[in-house]
Amino acid sequence: MFGLSDLIALVISAFIILPVVVFIREAGYLIVSALLGAQNPRLTIGSGPRVFKIGMFDVRKYYHLYSWFAYDDLKRQSKFAYIMLYAGPILANVIVAFVVNALVANGVLDQYETFWNRFVFYGFYFVLFDAVPMKTANGMPNNGMIIYEMLRYGKRTDFNDEPFLPSTTEVEEQYEEEMEKVEEMKENQKDIIEDDEDYSAEQQEKERREKEDLEESKERQKEELKKAKKLTIKQRHEAKKERTD
């Protein structure tokens, strides 16, 4: 039965453990790329508008599972460098998971053993789907498939000159374009709201004038009705007076 403790465990896994494991995975790219002389490396954490950027770390507004690594070029161009770059995230999660598991097994982290066991579980979960060669849901190869193709056939599995990891410069340009579109949409929405407010003010003024005209018309009709009534009474009196004479 799914209880409160299970709900708490789910929240901890979704908002703490999984994002940390994803960060460690992407940090694996970063560490290996530094050894290979990557140019303009960038580790983006989260998605959406940028909160701040310090050096190679780019923190976005919506923090969760979505993080990625990017670079422009590598100084060391070789098959070994290509394999190590994509093996980086696998090795990072394997090393961290083994270290944490060893600490738990030796009673060092026994105070929060359940938390750390979940951490190790998700660490090896990412390793499994990263290391076993397969195509992902979008038809792209995972890191294991990229490494397998290079080891077996000595070629890149993408069959082009560009790596699967995006270029930092291109990512930055795309981000700037997206933010410009967002700002443009905000300005358009602001103009629409202001136009609606202006239209609303004009409409209210028009309705007020129409109401005043209607009230004036009613008053005129009342006055005319009174005059007609007085005239009718006067005519009756005169007619009655003539008959009497």
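Being a predicted model, the structure only gives us computed values, none of them experimental.
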In the single-linkage hydrophobic clustering (I, L, V, M, F, W, Y; side-chain heavy atoms under 4.5 Å), do Y175 and M185 co-cluster?
no
Does anything in residues 87-107 pair up under ring pair (Phe, Tyr, Trp, His ring centres under 6.0 Å), and if so which pairs, sequence neighbours excluded?
F98-F124
Quick check: closest heavy atoms across A92 and G28, and the distance to 0.1 Å?
CB-CA, 3.7 Å
Under the side-chain contact (heavy atoms from CB on, under 4.5 Å) rule, what do I17 and F121 come out as? Steps first, then yes or no, please.
CA-CA 10 Å; I17 296 177; F121 171 84; over 6 Å; no
If you count the non-hydrogen atoms of other residues, nucleotides and ligands that lie under 6.0 Å from CD in E212, is the total more than 12?
yes
Do you reckon V94 sits in the same ILVMFWY cluster as L35, going by side-chain contacts under 4.5 Å, direct or chained?
no
What are the two closest non-hydrogen atoms of Q39 and K75, and how far apart are they?
NE2-CG, 4.0 Å
Of N101, L103, V96, which meets side chain to side chain contact (heavy atoms under 4.5 Å, CB included) against V99?
L103
Using side-chain heavy atoms (C-beta onward) and a distance below 4.5 Å, is E180 in contact with E184?
no
With side chains defined as the heavy atoms from C-beta onward, is the minimum distance between E26 and F23 less than 4.5 Å?
no
M84 and L91: which non-hydrogen atoms are nearest, and at how many Å?
CE-CD1, 4.2 Å
How about R60 and T44: do any of their side-chain heavy atoms sit closer than 4.5 Å?
yes
Could you go through K135 and M140, starting from their C-alpha distance and side-chain angles, then the distance that decides it, and tell me whether this counts as side-chain contact (heavy atoms from CB on, under 4.5 Å)?
CA-CA 5 Å; K135 293 289 184 69; M140 300 292 286; over 6 Å; no
What's the separation between atom CE in M145 and atom OH in Y148, rounded to the nearest 0.5 Å?
8.0 Å
Indicate, with yes or no, if Y62 and V182 share a hydrophobic cluster defined by side-chain heavy-atom contacts under 4.5 Å among Ile, Leu, Val, Met, Phe, Trp and Tyr.
no
List the atom of A14, the atom of P19, and the distance in Å for their closest heavy-atom pair.
O-CD, 3.3 Å
Quick one: are F129 and N142 in side-chain contact, heavy atoms under 4.5 Å?
no
Under a 4.5 Å side-chain heavy-atom rule over Ile, Leu, Val, Met, Phe, Trp and Tyr, are M150 and V132 clustered together?
yes
Does a side-chain heavy-atom distance below 4.5 Å link M56 with L30?
yes
Measure the shortest side-chain to side-chain distance between M179 and R50 over non-hydrogen atoms and say whether it is less than 4.5 angstrom.
no
Which atom of L85 lies closest to which atom of Y71, heavy atoms considered:
CD2-OH, 3.6 Å
Rounded to the nearest 0.5 Å, the CZ atom of F119 sits from the CG atom of L109 at a distance of 10.5 Å
State plainly whether one hydrophobic cluster holds both V100 and I16, where clusters connect Ile, Leu, Val, Met, Phe, Trp and Tyr through side-chain heavy atoms under 4.5 angstrom apart.
yes
Taking all non-hydrogen atoms of both residues, which atom of S67 and which atom of G46 are closest, and how far apart?
OG-N, 3.5 Å
Would you give the length of the straight line joining atom CD of E149 to atom CD1 of I83, rounded to the nearest 0.5 angstrom?
11.5 Å
Using modelled atom types and a 3.5 Å cut-off, is there a donor and acceptor pairing between side-chain atoms of N143 and backbone atoms of Y86?
yes
May I ask you to test the D58-I45 pair for a side-chain heavy-atom distance under 4.5 Å?
no
Under 3.5 Å, side chain of T168 to main-chain N/O of A70, donor-acceptor pair present?
yes
Fit a plane to each ring of Y29 and F69, take the angle between them on a 0 to 90° scale, and name the class: parallel (under 30°), tilted (30 to 60°) or perpendicular (over 60°).
parallel
From E178 atom CD to K181 atom NZ, the distance as rounded to the nearest 0.5 Å:
7.5 Å
Tell me whether N40 contacts the main-chain N or O of D73 through its side chain, where contact means a donor paired with an acceptor under 3.5 Å.
no
What pairs meet the side-chain hydrogen bond (donor to acceptor under 3.5 Å, both in side chains) rule with one or both residues in residues 114-131, with sequence neighbours excluded?
R25-D130
Hey, does I147 have a side-chain heavy atom less than 4.5 Å from the side chain of I90?
yes
